[in-house]
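Heavy-atom basis, side chains included; hydrogens, waters and symmetry copies ignored. Remember, it's a predicted structure, so these values are computed and weren't measured experimentally.
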Number of protein chains: 2
Amino acid sequence: MVTLAEVARHAGVSASTVSYVLSGKRSISAPTRERVERSIKELGYHPNAGARALASSRSNIIALMVPLRTDIYVPVMMEVAIAVATTARAHGYDVLLLTGEEGPAAVRRVTGSGLADAMILMDIELEDERLPLLHAARQPTVLIGLPADTIGLTCVDLDFTATGALCAEHLAALGHREIAVIGEAAAVYERHTGFAERTLDGLRAAARELGLRLLHRPCEGSYESMDGTLSRIFDERPGTTGFIVQNEAAIDPLLSLLRRQGRAVPEDVSVVAICPDQVATSASVRLTSVAIPAQEMGRRAVELVVAKLQGDASEQVALLPPELTVRASSGPPPF
Amino acid sequence: MVTLAEVARHAGVSASTVSYVLSGKRSISAPTRERVERSIKELGYHPNAGARALASSRSNIIALMVPLRTDIYVPVMMEVAIAVATTARAHGYDVLLLTGEEGPAAVRRVTGSGLADAMILMDIELEDERLPLLHAARQPTVLIGLPADTIGLTCVDLDFTATGALCAEHLAALGHREIAVIGEAAAVYERHTGFAERTLDGLRAAARELGLRLLHRPCEGSYESMDGTLSRIFDERPGTTGFIVQNEAAIDPLLSLLRRQGRAVPEDVSVVAICPDQVATSASVRLTSVAIPAQEMGRRAVELVVAKLQGDASEQVALLPPELTVRASSGPPPF
DNA sequence: TGTCTGCGTCGAAGCGCTTCGCTGCCCTCT
DNA sequence: AGAGGGCAGCGAAGCGCTTCGACGCAGACA
């Protein structure tokens, strides 16, 4: 293992000089810098992470806490995680992967041990049990998702309230009056996951204003559950002409079942999905959708956290505005 | 920040005693241990990770390198990643998330800096450019996937050769003679990803032995590409009665299109999938499938890596035997 | 010509922990 | 009763790096 001291000896300078060449925190003359850099390359020197962390009390690691649930759509999580890792690297940070399993204990462990300089938390519940710990921690933290109370917190999220409203407005503008909402699995609502409830809020507010009749049904996303849900929807509201789908897993079952029932999309019923673009464009009907900007969320979260690490007391809640893309699954209702 | 020294003072012992209480590397009398443990709790002490890493030259971190490609089925990757993180924690390790983006440079960085004690690599190509670096590194490494040459390497993977054979045997036993294989996206084959080629090898060998006619077609997994692929298959081999699907994303499109063409599953055509059980059971037809044991792979990888860290020169290549579960999508061919 | 300023470099003091060797002490065995 | 052997605990030496203060040597200024 090559150490800083060996580099210094090889270059004929002191250890501190090498350190300053590396960090750029003091000015070094060009010839010296070049000599040091050449030695670094020749010896294949890599600074020791542990020693660095100890001496500087910064680990250059950002902890990312992902849910280990399987009832939330996984590709979105993965996309966020990868965007976080990629963006973090671009800023000189590595990413530590924590699963929700440990819960609050993980937060305590990380903040206590100095393992990471900062944290990014995903899958935020409205009253998340991890939040109280964050106020005590000296690590900057960014939440991907919105809890009930955001005082003193930094959050990034898609504006799901606006997303809900946007879906409702689109269908209303086309002339639909009876809308069914295919929601997330019941468990998602039971633990008061912010995004699911906010979408519903936005949806309901817009529906009231626009005079829409809304029917919300949670759905597990399997074929069977979708089948049952769909029958009950049409039993209860035979005049339903619009569907808003929040559970990505339910999209394929829904489209299949509609087709099987002889209901054409978009001629008989319109479908609007809240899902990544990739899902919307690769379904059997190209779906009108509001995109979930997973990459953007990951990127923004890292940028906020890095800004905080540099002392910028930047913006507190970054709500990304939803964008609805009209594709082939929505049109005017039949008459 | 509470330090070990403060704990020692509070408990009235020396720092080394506290350290030994923590590590259990020397015997400590019960009363002393209890006193120290009480102090630790009272003061809320957490050992500093950097200092630990420096002093012991072990970071208790395992690096996990995941692909950032999107043409490989994401849920499997995520499941592996989560299993790795969970199992690692159970063994006292944290997980550092690296994306394939940096490529070999990431391997060099991690091994050079002592950031991690060991590495787990995913998405292995047959001639993976990261492999040469591993021989030089002193970090134990485990691959999830199988390169062409496994000499000196430790690998975990589903036995994809056997998987291919198993699928072929199942259909052959039912009486099928003309089989179409819906493969991964062409790009996956182009970069010589091990599992895709191995499956094909197993399939072809079994087909030859069993007298099956095999037609292999790569497929992107979108509706459009599946549509085109399917037409060409039936054009070329109208007598096709069996499908083996490796690309999970192609499953729903395939089932939809078959239904739309009026081909009943399993009465007219049988479908066997290679995918996680969850996918097989939530499709519109419950699929006969060989499971991809993502969790098991992640778990085994960690266990192997931990064994290596403890000096056990354990088994080298762990190929998990495939298991075929018969469900509702396969049956005898029509006559 | 003497003083001041600032740049480039060095030395040394830690950062908080692990680990090695040592010292008492008590118990056992002969 | 004396020697031998464990057990418990202590002290000190680092691990490899960052960072602060100090120092020497230019050039600038009066």
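By the ring pair (Phe, Tyr, Trp, His ring centres under 6.0 Å) test, Phe160(A) is found to be paired with Phe195(A), residues two or more places apart in sequence or in another chain being considered. Listed by chain and residue number, Glu296(B), Glu303(B) satisfy the salt bridge (Lys or Arg N to Asp or Glu O under 4.0 Å) test with Arg299(B) (two or more places apart in sequence, or in another chain).
End-to-end axis angle of the helix from dT1(C)-dA30(D) to dT30(C)-dA1(D), from C1' rotation axes over five pairs per end: 40° (rounded to 10 degrees).
Between dA8(D) and Ser27(B), a contact under 4.0 Å exists linking OP1 or OP2 to a side-chain N or O. Close to dT19(D), at under 4.0 Å from its OP1 or OP2, lies a side-chain N or O of Lys25(A). For the OP1/OP2 pair of dT19(D) and a distance below 4.0 Å, the side-chain nitrogens and oxygens of Ser23(A) include no atom meeting the criterion.
Defined by atom type and a distance below 3.5 Å, a donor-acceptor pair is present between the side-chain atoms of Thr32(B) and Ser29(B). For the 3.5 Å distance criterion, the side chains of Ser14(A) and Thr17(A) qualify, holding a donor opposite an acceptor.
Regarding Ile28(A), its CD1 atom lies at a distance of 19 Å from the P atom of dG6(C), rounded to whole Å. Between the CG atom of Asn60(B) and the C1' atom of dT18(C) there is a distance of 13 Å, rounded to whole Å. Atom CZ of Arg58(A) and atom C1' of dC17(D) are 12 Å apart (whole Å).
Atom CD1 in Ile124(B) sits 10.0 Å away from atom OG1 in Thr193(B) (nearest 0.5 Å). Rounding to the nearest 0.5 angstrom, the gap separating the CG atom in Leu96(A) from the CD1 atom in Ile61(A) is 6.0 Å. From Met78(A), atom CE reaches atom CD of Glu79(B) across 11.5 Å, with rounding to the nearest 0.5 Å. To the nearest 0.5 Å, the span separating CE on Met65(A) from CG on Leu97(A) amounts to 10.5 Å.
Across all strands shown, Ser19(A) has heavy atoms under 4.0 Å from base atoms, whether or not it also approaches the sugar-phosphate.
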Counting primed atoms, P, OP1 and OP2 as sugar-phosphate and everything else as base, the B/S/- map of nucleotides 10-16 of chain C against protein heavy atoms under 4.0 Å is BB--BBB

Close N or O pairs between protein and nucleotides 24-28 of chain C (under 3.5 Å):
none

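Arg35(A) places a side-chain N or O within 3.5 Å of a backbone atom of Ala11(A) that can act as its donor or acceptor partner.
Screening residues 98-118 of chain B for side-chain hydrogen bond (donor to acceptor under 3.5 Å, both in side chains) gives Arg89(A)-Glu102(B), Asp94(A)-Arg109(B), Ser59(B)-Asp117(B), Glu102(B)-Arg109(B) as the qualifying pairs, with residues at least two apart or on separate chains.
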Going through the checks in order, is the side-chain contact (heavy atoms from CB on, under 4.5 Å) test met by Leu320(A) and Asp157(A)? CA-CA 6 Å; Leu320(A) 309 180; Asp157(A) 207 354; over 6 Å; no

